[in-house]
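Before any comments, here is the structure.
Counting starts at 1 for both ligands and their atoms, following the listed order.
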Amino acid sequence: MTESPSESLSDSPFNRNIDDNKNDIVPEIPIEIVSEEEMALLEAALVSARASFSAIPAIRCSTFSFRSNVRSIKSISALSKRRLSGCSEPDIEDSGGLKSAQKKTRMADSFLHRFRKKGLSVTDITATEWCEKQMEFVLLVGKRKVSKAMKKGSARHAKLEEEVVKKVKVRIESIEDRWALKLLNFITGVNQLLSEGLTRELPLIGFAEGVWMVGVVDEIRMPVTETIRNPLLVDTKTRVKDTLPAEPQRRNGRLQLMCYKYMWDDLVADKFPSNKFFDFFSLNPHHILSDEIREMTANSGFPAETLDDVVRYYRNTCGMLSPAHDQLLLRYEFQKDHSLLGEDEFAYDSDWVKNQIQGCLEFWLGEREASYTPEEERWKCGFCQYSSVCPAKNGNHNDPPS
Ligand code: SF4
C-alpha cells in the first residue's frame with residue numbers, strides 16, 4: 001500500500017486513479033461498444049483525462065460551457081462538409097501561400113483545437129478507432145448518460161486501486177500545484193512499482209506524434225526475475241456478459257495498451273519536452289509550490305520548491321525505468337463476480353500503433369472527414385446512440401457477436 005496525493009481544493013479532486021481515466025466524468029465521451037460497462041470505462045477515462053488537463057477548477061466547469069455549445073444534428077452535416085468543400089478547389093490550392101493559409105484554417109477549425117486544446121487522452125484515440133463518426137457525434141452533440149453498468153465498471157477499478165493505493169488529500173493553490181500533483185502521483189506510483197513490484201492507476205503524461213496525450217495505466221507489474229526489468233502493462237476490462245468480446249473490441253483494447261507502452265517508452269527514453277510542457281500549458285516553472293506540497297515532497301525525500309524541481313524529479317524517475325515489456329496483457333473480468341473470463345497476451349507492434357495514432361490525428365486535426373465504421377463492423381451501429389441520425393444507418397446491420 002502506498003500513499004498517493006490528491007488535490008482537495010477544487011470540486012474535482014485530482015488523484016492518480018481517477019484523474020485521467022476512471023470516475024470523474026467530464027465532457028467529451030467516447031461512446032463505446034457492445035457492453036455498457038466498457039462504455040463506462042471509456043467514458044470515465046475520457047472524463048478524467050479531461051480533468052487531468054483541466055488545470056484549474058474553471059475548466060471543470062467546461063462541462064457546462066460544452067453543453068452550451070451543443071449543436072443540432074443538422075449542423076453536424078454542415079460541419080462535416082468543411083473538408084470536402086476545401087478539396088473541390090484544386091487550382092486554388094496550387095498556390096503555396098494559400099495552401100498554407102488553408103491548412104492553418106483547418107487546424108484552427110479542427111476538433112483538436114476546438115475540443116481538446118489541452119491535448120488528447122488515450123481514450124480519445126481508442127474511441128476514434130472504434131468509429132470516427134461516432135466520436136464526431138460525441139463532440140458535436142454530446143455524450144449519453146452514464147449507466148449503472150458503467151458506474152459498476154468504474155467502481156471496480158476504484159476498488160482495485162484501493163487495494164494498493166491510499167489517497168491523501170492535498171490542498172492546491174495554483175495551476176502549477178495541480179500539475180505538480182499529477183507528476184508527483186506518477187513518481188509515487190513508480191516508487192511503489194520499484195519497491196513492491198506492483199502499482200495501479202498510474203497516470204502518464206507525454207508527447208505523442210506531435211500532440212500532448214494523457215493516459216492512466218490500470219496496472220503495472222514488475223517481473224519477478226532479476227534479469228528482466230521491463231515492467232508489464234496490464235489493462236482490465238469488466239464485462240456485463242460472461243463472454244469474451246468480439247475482435248474489434250479486443251483490437252481496441254490492444255490499441256489502448258500499445259498507446260500506453262508508446263508513451264511509457266518515450267518517457268523512459270527521456271523524451272519528455274519540459275520547455276514545451278511549460279509553454280503549452282502556460283506554466284511558470286519557477287512558481288513556488290504551496291506549503292502543503294513542499295512539505296509533502298520534503299517528507300517523501302525529494303524536496304521541491306518549484307514546479308521545475310518536480311519536473312526534474314519526474315524526469316529522473318523516468319530515467320530509473322526500463323522500457324515496458326514487449327508483451328502486453330488484457331484481462332477480461334465478469335462484472336458480476338469478478339471472475340476472470342480470459343486473458344489476451346499480445347506483442348507490441350510499434351509500426352501499427354504509430355499508424356493508428358497518426359490516422360486518428362488526421363481526423364482530430366481536420367485533415368480529413370470522419371470515416372464510418374467499416375462495413376464488416378456495422379453491427380456496432382446497432383449499439384450506437386446516434387444510429388437514427390447517422391448516414392450509415394441504412395447500411396448493413398449485422399447481428400452483434402455473442
Ligand atoms: S451509426 Fe455506426 S457508423 Fe454511425 S456513428 Fe454510430 S457506429 Fe458509427
Side-chain angles (χ1 to χ4, degrees), residues 27-47 66-67 69-84 110-112 114-116 120-147 149-150 153 237 239-241 245-256 355-402:
E28 68 285 2
I29 281 335
I31 302 307
E32 248 233 287
I33 318 180
V34 178
S35 108
E36 286 276 342
E37 118 332 280
E38 283 177 346
M39 262 289 295
L41 295 184
L42 275 185
E43 292 219 7
L46 256 188
V47 167
F66 173 78
R67 285 180 181 154
N69 285 335
V70 165
R71 292 164 189 270
S72 68
I73 298 288
K74 276 183 188 167
S75 70
I76 290 180
S77 304
L79 281 164
S80 70
K81 289 190 172 71
R82 69 191 189 283
R83 174 73 176 125
L84 290 176
S110 72
F111 289 131
L112 186 74
R114 291 165 61 201
F115 297 103
R116 296 294 190 277
L120 287 176
S121 69
V122 168
T123 309
D124 285 323
I125 298 294
T126 55
T128 305
E129 191 272 342
W130 184 254
C131 176
E132 290 180 1
K133 196 68 186 174
Q134 191 181 70
M135 187 75 238
E136 183 181 75
F137 277 121
V138 169
L139 293 170
L140 298 175
V141 179
K143 65 187 172 74
R144 70 184 194 183
K145 287 181 182 169
V146 178
S147 70
M150 291 156 69
K237 305 282 186 201
R239 305 264 310 154
V240 173
K241 289 192 209 165
E247 170 54 25
Q249 286 167 289
R250 294 207 291 266
R251 182 186 69 224
N252 205 257
R254 289 197 288 268
L255 173 60
Q256 185 181 353
N355 284 337
Q356 290 290 320
I357 294 173
Q358 285 166 358
C360 287
L361 288 180
E362 288 172 8
F363 159 80
W364 280 97
L365 294 170
E367 292 173 4
R368 61 173 171 76
E369 292 301 297
S371 60
Y372 300 98
T373 195
E375 286 292 337
E376 63 276 18
E377 295 181 13
R378 286 288 165 90
W379 55 265
K380 294 175 184 173
C381 305
F383 300 88
C384 174
Q385 67 166 322
Y386 306 107
S387 59
S388 63
V389 291
C390 177
K393 69 178 176 179
N394 295 322
N396 294 330
H397 285 238
N398 300 327
D399 288 335
S402 57

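The atoms of ligand 1 that sit less than 4.0 Å from any heavy atom of S387 are 1 (S). Below 4.0 Å from some heavy atom of C131 lie the following atoms of ligand 1, by number and element: 3 (S), 5 (S), 7 (S), 8 (Fe). With ligand atoms numbered from 1 in the order given, ligand 1 contributes 3 (S) to contacts under 4.0 Å with heavy atoms of A392.
A distance-only check finds a donor-acceptor pair linking the side chain of E132 to the backbone of S371 [under 3.5 Å].
Remark: R254 engages E247, D344 in a salt bridge (Lys or Arg N to Asp or Glu O under 4.0 Å) (not counting sequence neighbours). The side chain to side chain contact (heavy atoms under 4.5 Å, CB included) test applied to E129 returns R251, N252, L255, Q356, not counting sequence neighbours.
Between A392 and R378, the closest heavy-atom pair is CB-NH1, 4.0 Å. Pairing each heavy atom of M135 with each of A127, the nearest pair is SD-CB, 3.6 Å. Closest non-hydrogen pair, K133 versus C390, comes out as CG-SG, 4.1 Å.
Among the atoms of C384, none of the N, O or S atoms falls under 2.8 Å from atom 8 (Fe) of ligand 1. For C381, the nearest N, O or S atom to atom 2 (Fe) of ligand 1 falls under 2.8 Å. Checking C390 against atom 4 (Fe) of ligand 1, an N/O/S atom falls under the 2.8 Å cut-off.
For the residues K380, Q134, Q385, the heavy atom positioned nearest atom 5 (S) of ligand 1 is part of Q134.
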